[in-house]
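Scroll down for the structure; my scribbles are underneath it.
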Amino acid sequence: MKKIFLALLVLAASVTTASAQIEIGLKITPSINSLRAESPSDRAFKSDGSQFGFGGGLVVDYFFGENYAFSTGLLLAGKGGTISYRDVSGGVTGQPFTETQKFNIQYLQAPLTVKLFTNELAPATRLYFQVGGSLNVPIGTRINSSKFYTDPATGNESKANDHVLFFDADALVALGVEYQLGKSTKVFSGISYNRGLVDIDRYFEKTRDFKDITIKNSSVALDLGIKF
């Protein structure tokens with residue numbers, strides 16, 4: 001009986017220790033987003049403007065040392081931007097023109113990062129540096145505020161979702177400050193940069209047979225959150 005009791009005490013202590021290593025919270029992320037577009041000179045793909053986005057969700061920090069944590073979570077992130085390119089109208093004349101597309105893409109995002117914390121620089125206040133990446137799945141796309149897009153060169157209509165690759169991945173770096181309000185409550189704020197690593201174009205090369213087109217996401221976000 002004593003052995004069972006001791007075993008239960010050890011198990012309870014282990015669970016308490018493990019739970020103390022995990023911090024869970026919520027954050028919101030207003031952001032400025034753009035698309036990096038490249039192509040041969042005849043098509044002249046380029047970024048043609050940024051746009052405001054908004055996201056947020058669950059944050060989980062798993063500490064494997066006093067000042068080191070693996071940080072992940074599940075977030076909604078709005079991305080996109082405006083691009084322009086050269087095209088030629090259909091028909092006998094084939095007149096050249098410039099087309100502009102404004103993308104609004106909603107992603108489900110899973111960060112995979114490491115957070116490095118300083119010692120206290122002021123009472124209950126620490127800086128953190130975050131580096132890693134994120135895996136992103138698009139769950140909704142609009143082009144020029146519509147779920148459908150009619151190509152002015154061909155007259156064909158397609159779903160906006162069909163223009164974007166089913167997967168994206170970012171490199172992520174961030175800098176911020178964390179302040180402890182109470183025994184287990186902390187608030188934090190920071191600035192993060194997400195640089196897309198994957199060409200998300202699924203339309204121009206596949207459907208229009210354009211060559212060497214690259215479109216990638218970029219965003220700068222303000223991170224505001226609380227952990228419990």
**Report entry** Residues in side chain to side chain contact (heavy atoms under 4.5 Å, CB included) contact with Val137, at least two apart in sequence or another chain
**Finding:** none
Query raised in the report: Is Phe97 close to Asp87 at the side-chain level, that is, under 4.5 Å between some pair of heavy atoms?
Result: yes
Query - Within-4.5 Å side-chain heavy-atom neighbours: Asp48 and Ile83 - result: no
Query - Residue pair Tyr203 / Asp162, side-chain heavy-atom distance below 4.5 Å - result: no
**Report entry** Test side chain to side chain contact (heavy atoms under 4.5 Å, CB included) applied to Glu120 - qualifying residues, sequence neighbours left out
**Finding:** Arg126
Query raised in the report: Does any donor atom in the side chain of His163 or Ser158 lie under 3.5 Å from an acceptor atom in the other side chain?
Result: yes
Requested in this report: Begin with the C-alpha distance, continue with both residues' side-chain angles, and end with the deciding distance and a verdict on side chain to side chain contact (heavy atoms under 4.5 Å, CB included) for Ile215 and Asp199.
Outcome: CA-CA 5 Å; Ile215 302 173; Asp199 177 12; 4.3 Å; yes
Without placing hydrogens or testing angles, list every side-chain donor-acceptor pair under 3.5 Å for residues 98-105, not counting sequence neighbours.
| residue | atom | partner | partner atom | Å |
| --- | --- | --- | --- | --- |
| Glu99 | OE2 | Tyr149 | OH | 2.8 |
| Gln101 | NE2 | Tyr149 | OH | 3.1 |
| Asn104 | OD1 | Gln51 | NE2 | 2.9 |

**Report entry** Heavy-atom check, side chain of Lys27 versus side chain of Leu75, under 4.5 Å
**Finding:** yes
Query raised in the report: Does any N or O in the side chain of Ser218 come within less than 3.5 Å of the main-chain N or O of Arg195, such that one atom is a donor and the other an acceptor?
Result: no
Query raised in the report: Just how far is it from atom CD1 of Ile24 to atom OH of Tyr62, taken to the nearest 0.5 Å?
Result: 12.5 Å
Report summary line: Looking only at heavy atoms, the pair that brings Gly25 and Leu58 closest together is O-CD1, 3.4 Å
Query raised in the report: With ring centroids as reference points, do Phe204 and Phe45 lie under 6.0 angstrom apart?
Result: yes
Query - Heavy-atom closest contact (Ala160 atom, Ser146 atom, distance) - result: CB-O, 3.9 Å
Query raised in the report: Should the pair Phe188 and Tyr128 be assigned to parallel (<30°), tilted (30 to 60°) or perpendicular (>60°) ring geometry?
Result: perpendicular
Requested in this report: Report the residues that fulfil side chain to side chain contact (heavy atoms under 4.5 Å, CB included) with Ser192, sequence neighbours left out, ordered by chain and then residue number.
Outcome: Ala174, Asn194, Ala221, Asp223
Query raised in the report: Which value, rounded to the nearest 0.5 Å, describes the distance between Asn144 atom CG and Arg142 atom CZ?
Result: 11.5 Å
Query raised in the report: Around atom OH of Tyr68, are there more than 12 heavy atoms of other residues, nucleotides or ligands at under 6.0 Å?
Result: no
Requested in this report: Would you check if Leu127 and Leu121 make a side-chain contact, meaning some heavy-atom pair closer than 4.5 Å?
Outcome: yes
Query raised in the report: Looking only at heavy atoms, what is the nearest atom pair of Gly140 and Asn161, with distance?
Result: C-OD1, 3.8 Å
Query raised in the report: Distance from Ser184 atom OG to Lys227 atom NZ, nearest 0.5 Å?
Result: 11.5 Å
Report task. May I ask you to check whether over 12 heavy atoms, not counting those of Glu157, lie within 6.0 Å of atom CD? Result -> yes
**Report entry** Row check, Phe210 ring normal vs Arg43 NZ/CZ: under 6.0 Å, within 45°
**Finding:** yes
Query - Co-membership, hydrophobic cluster, residues Leu76 and Leu74, 4.5 Å side-chain - result: yes
Query raised in the report: Between the side chain of Glu178 and the main-chain N/O of Lys186, is any donor-acceptor distance below 3.5 Å?
Result: no
Query raised in the report: Are Glu23 and Phe63 close enough that some pair of their side-chain heavy atoms sits under 4.5 Å apart?
Result: yes
Query raised in the report: Is it true that a side-chain atom of Asn156 and a backbone atom of Asp151 form a donor plus acceptor pair closer than 3.5 Å?
Result: no
Query raised in the report: Given Leu175 and Ile191, is the side chain to side chain contact (heavy atoms under 4.5 Å, CB included) satisfied, shown in steps?
Result: CA-CA 6 Å; Leu175 170 67; Ile191 297 176; 5.9 Å; no
**Report entry** Within 6.0 Å of CG in Leu197, more than 12 heavy atoms from elsewhere
**Finding:** yes
**Report entry** Cluster check Phe52, Leu222: I/L/V/M/F/W/Y, side chain < 4.5 angstrom
**Finding:** yes
Query raised in the report: Given side chains that start at C-beta, do those of Ile226 and Thr185 come closer than 4.5 Å, heavy atoms only?
Result: yes
**Report entry** Side-chain donor or acceptor of Gln180 paired with backbone N/O of Lys183 under 3.5 Å
**Finding:** yes
Report summary line: Rounded to the nearest 0.5 Å, the CG atom of Leu224 sits from the CG atom of Leu26 at a distance of 12.5 Å
Report task. Could you tell me whether Phe166 atom CZ has more than 12 heavy atoms of other residues or ligands within 6.0 Å of it? Result -> no
Report task. Determine, using the 4.5 Å side-chain heavy-atom cutoff (strictly less than), whether Val220 and Val173 are members of one ILVMFWY cluster. Result -> yes
Query raised in the report: Are there more than 12 heavy atoms of other residues, nucleotides or ligands under 6.0 Å from atom NZ of Lys216?
Result: yes
Extract all donor-acceptor atom pairs below 3.5 Å that involve side chains of residues 107-116 and protein atoms in other chains or at least two apart in sequence.
| residue | atom | partner | partner atom | Å |
| --- | --- | --- | --- | --- |
| Tyr107 | OH | Asn217 | ND2 | 3.1 |
| Gln109 | NE2 | Asn136 | OD1 | 3.2 |
| Thr113 | OG1 | Ser71 | O | 3.0 |
| Thr113 | OG1 | Gln130 | NE2 | 2.8 |
| Lys115 | NZ | Asp61 | OD2 | 3.2 |

Requested in this report: Report the distance from atom OG of Ser39 to atom CD1 of Ile213, rounding to the nearest 0.5 Å.
Outcome: 4.5 Å
Report task. Before giving the answer on side chain to side chain contact (heavy atoms under 4.5 Å, CB included), spell out for Thr125 and Val177 the whole-Å C-alpha distance, their side-chain angles and the decisive distance to 0.1 Å. Result -> CA-CA 7 Å; Thr125 304; Val177 60; 3.5 Å; yes
Requested in this report: Give the intermediate values and the outcome of side chain to side chain contact (heavy atoms under 4.5 Å, CB included) for residues Phe148 and Thr150.
Outcome: CA-CA 7 Å; Phe148 296 89; Thr150 300; over 6 Å; no
Query raised in the report: Below 4.5 Å, heavy atoms only, C-beta onward: do Phe167 and Leu135 meet side chain to side chain?
Result: yes
Query raised in the report: Does Asp170 reach the main-chain N or O of Leu172 with its side chain, forming a donor-acceptor pair under 3.5 Å?
Result: no
Query raised in the report: Quick one: salt bridge (Lys or Arg N to Asp or Glu O under 4.0 Å) partners of Arg36, sequence neighbours excluded?
Result: none
